[in-house]
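Okay, so here's the structure we're looking at.
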Amino acid sequence: GTKLRGKERKMASEDKGAAGTGSFTAPPRHIEKASIKEPITIKDLSSTIGVRASEIMAKMMAAGQLATINQVLTAENAEMLAMEFGIELTVEKKSSMLETIQKEYEKEVPAEELSPRPPVVAFLGHVDHGKTSLLDRIRRTSVVTGEAGGITQHIGSYLYDDGQRRVTFLDTPGHKAFTEMRARGANMTDIAVLVVAADDGVMPQTEEAINHVKAAGVPIVVALNKIDLPNTDENKILGQLADKGLIATQWGGDTEVVRTSAATGEGISELIEYLDYIAELRQLKARTKGPAIGWIIESEMTTGEGVLARLLIKNGTLQKGDIIVSGSSYGKIRKMVLAGGKVVKEAGPATPVEVSGLNEIPLAGDPFYVLEDISKAKDIAQEQRAQKREKLLAQHRQITLENLFSEIKAGELKELNVIVKADVQGSVDVLAKSILEMNTAEVGVRILHAAVGGISESDVLLAEASNAIIIGFQVIADERARSLAESRKVEIRLYRIIYQIVDDIKKALEGMLTPHVQEKQLGRAEVRQIFRISRYGVIAGCFVTEGAIPRSAKIRLIRDHIVIRDNNSIESIRRNKDDVSEVRNGFECGIKLQGYDDIKESDILEAFEFVEISRTLDSVATR
Ligand code: GDP
């Protein structure tokens, strides 16, 4: 049937707003204070701050925004505008219907109403190291009596229950999904199982996974998998893990490394035993009585049953017939199914269930709540839809080097999180070291992840979830990472000189950073063919894949996400033997770089120019 996954839908509806990174400083005038309640029209703002509406509209006009007097402003926009007139505006946000319900649910539960619950476990690790196979193997060992025979329904996440031990396994493969959920505020995972294949050892994605999990503060258990294979060097892998700060218990550390094989089943019960033990140690508890609350794990649209949503219950008991709301989606639960296909009337904490009855696809990572009546659920869903866009922008105030100091001063920030990507290991090490040396009493500098290679989507997700900035040295961000960073307002700073990185961070920490020139991306071209012409040099036969390549642009030459050559001028650019001043997206051309010939097929030419940056209302108003 037609399937549209919640996550894709989310990506598609993501706001692609302009990424203004400039923070705003008040003009040096006498600052007055004022406060206002939402919703704020220009008229309201005018009477509150005592500035004529026409003046406010003129300011907006200067920033390219045409406004009418009854137009409703976002809280942030109103604050910025007030600031322009030297007035510090406090906006009293009206709490939404959902927030009222959230508060209700957040009330502390008396200890006697709490019972032990299974731990929620996610599998992470390098591709092909056996995450899926282990999950499958465990599922097959978990024999739930009364399961609908033969029907293997796809429910990725499941509650393992052997009568003695209960563990909930999440099927959200990989650290990207893990961090994406965390960015949405869904910290469902209690324990991460890091799967490392015994015949392959610690690989780049293993390292990434470790850093993503550490940033989330979730305990790690290592499954040293595929131990059935010959020619494995387990000691070497324990050494690699120790290098990443995971010292095995067999080496006197406190990371449990369980030897497993998804092929033979060896070590699986030991792994489960250990997970259960951690849960006991951490005294994981939940409220079992009362209305349920939890998260959406996954959702999809099916032709037969409409919206199917997979939920993880955090607290309470979910019942068939319950009315739930999650974001702008709501409905009455028509049918509830456990992993394996068993239809149930109710389910308790840490149980993943699949429900039908929602009116639209909810978003993975969003919380769900049970309500008493459907009309209230509908009202909330509508309110959420209206607020969705605004919330996406307002909830998150990503850190940038430019707003760093003001956040520190406001006491909002105690630690600067940094992700470092560089061209070679040597640069990674030097950079990490010099960045860590910038720790001050006021602000700690913490490196979440440092690795060789280009900046990827997973880096951006980690930065978003941990409010970090990304620093690239002699590398670039791929297109997907770049557009994700733009929509999530994550700052990526690319450098070619190490001391400049150190200098910028230092200045930012001291509040002295003044933006001057910034690179503006103009276009990209792919090298499809190489033509060597004696006495003239190499001409790259290119296809422009993005934007345009003007003859006046500077060129950066990229091979496998690594910057090979930078800031190179173009000697000539031709279309059909004619010299041209620019070639646009979708066209072929021949490019000769000035004084540089070491170009290869499939290289990427990135065209850019330097522009003067000034902080304008424009760059803040569009945040
Ligand atoms: P994932 O990408 O981490 O989910 O890895 P998969 O579970 O898809 O496994 C990748 C490959 O490794 C598959 O061909 C599996 O059959 C194989 N595999 C997984 N676990 C084991 C194991 O314990 N022993 C052996 N010999 N092969 C395994």
Side-chain angles (χ1 to χ4, degrees), residues 5 7 120-142 152-160 167-181 188-189 191-214 216 218-238 240-241 244 246 248 250 255-275 297-298 300 310 339-340 352 364 449 451 453 456-458 461-462:
R5 298 217 161 231
K7 188 154 172 215
V120 177
V121 174
F123 278 55
L124 294 92
H126 197 74
V127 67
D128 279 348
H129 280 197
K131 297 180 290 293
T132 316
S133 309
L134 279 170
L135 273 169
D136 272 355
R137 183 83 199 194
I138 299 168
R139 179 175 4 214
R140 276 188 281 133
T141 25
S142 167
T152 45
Q153 197 146 352
H154 166 81
I155 299 185
S157 307
Y158 58 94
L159 175 63
Y160 169 92
V167 178
T168 300
F169 290 97
L170 285 182
D171 178 25
T172 46
H175 50 270
K176 263 162 87 172
F178 174 85
T179 297
E180 174 86 44
M181 294 271 203
M188 346 185 168
T189 311
I191 309 166
V193 173
L194 182 73
V195 180
V196 184
D199 62 336
D200 208 15
V202 170
M203 299 302 280
Q205 286 169 33
T206 320
E207 261 179 67
E208 270 187 41
I210 293 172
N211 294 336
H212 280 231
V213 175
K214 276 191 180 162
V218 169
I220 298 177
V221 173
V222 176
L224 187 57
N225 193 39
K226 306 198 188 184
I227 49 152
D228 55 291
L229 294 177
N231 306 324
T232 60
D233 186 348
E234 294 179 18
N235 265 323
K236 189 178 115 199
I237 297 173
L238 293 189
Q240 293 171 335
L241 287 168
K244 301 294 158 220
L246 298 177
Q250 37 287 52
T255 300
E256 195 66 29
V257 178
V258 185
R259 302 170 70 253
T260 62
S261 165
T264 67
E266 195 183 335
I268 303 268
S269 60
E270 201 187 332
L271 177 65
I272 288 167
E273 203 170 302
Y274 193 71
L275 295 170
I297 306 172
E298 232 188 339
E300 63 181 310
R310 290 169 200 123
H449 179 55
S456 65
E457 271 182 307
S458 122
L461 287 171
L462 179 61

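The analysis underlying the following values was restricted to heavy atoms, covering all of them including side chains, and did not include hydrogens, waters or symmetry mates. Every number for a ligand or one of its atoms is a count from 1 in the order of the listing. Note that this is a predicted model, so its numbers are computed, not measured.
Near N225, with a cut-off below 4.0 Å to any heavy atom, the atoms of ligand 1 are 20 (N), 21 (C), 23 (O). Atom numbering of ligand 1 starts at 1 in the shown order; those under 4.0 Å from a heavy atom of L229 are 26 (N). Close approach to D128 involves these atoms of ligand 1, each under 4.0 Å from a residue heavy atom: 1 (P), 2 (O), 3 (O), 5 (O), 10 (C), 12 (O). Residue-ligand proximity, H126 to ligand 1, at heavy-atom distances under 4.0 Å covers atoms 3 (O). Of all atoms in ligand 1, numbered sequentially from 1 with element shown, those under 4.0 Å from a heavy atom of A262 are 20 (N), 22 (C), 23 (O). Listed by atom number, the atoms of ligand 1 under 4.0 Å from S261 heavy atoms are 23 (O). Below 4.0 Å from some heavy atom of A263 lie the following atoms of ligand 1, by number and element: 22 (C), 23 (O), 24 (N), 25 (C). Residue K131 approaches ligand 1 through these ligand atoms, each under 4.0 Å from one of its heavy atoms: 1 (P), 2 (O), 3 (O), 4 (O), 5 (O), 7 (O).
Given atom 26 (N) of ligand 1, the protein heavy atom at minimum distance is D228 OD2, 2.8 Å. The nearest heavy-atom contact from the protein to atom 21 (C) of ligand 1 is K226 CG, 3.5 Å. Scanning the protein heavy atoms around atom 4 (O) of ligand 1, the nearest turns out to be T132 OG1, 2.5 Å. Nearest protein neighbour of atom 6 (P) of ligand 1, counting heavy atoms only, is S133 OG, 3.5 Å.
In plain terms, the two heavy atoms of S133 and A262 that are nearest each other are CB-CB, 3.6 Å. Heavy atoms only, all atoms of each residue included: S261 and D228 are closest at OG-OD1, 2.8 Å.
Taking the side chain as every heavy atom from C-beta outward, H129 and N225 never approach each other to under 4.5 Å. In this structure the side chain of R259 reaches within 4.5 angstrom of the side chain of E234, judged on heavy atoms. Contact annotation: the side chain of L241 approaches that of V202 to within less than 4.5 Å [non-hydrogen atoms, C-beta and beyond]. At a threshold of 4.5 Å between non-hydrogen side-chain atoms, the residues L194 and V213 do not count as touching. Side-chain contact between D171 and I297 is absent, with no heavy-atom pair separated by less than 4.5 Å. Side-chain contact between F178 and L170: absent, with no pair of heavy atoms (C-beta onward) separated by less than 4.5 Å. S458 is not listed as a side-chain neighbour of T179, based on a closest heavy-atom distance of 4.5 Å or more.
When each of V221, V120, V167, I220 is paired with I191, the side chain to side chain contact (heavy atoms under 4.5 Å, CB included) condition holds for V221 and for no other.
Residue contact check for ligand 1: V195 places no non-hydrogen atom closer than 4.0 Å to it.
An N or O contact shorter than 3.5 Å links G130 to ligand 1 by distance.
For atom 14 (O) of ligand 1, the nearest protein heavy atom lies 4.0 Å or farther away.
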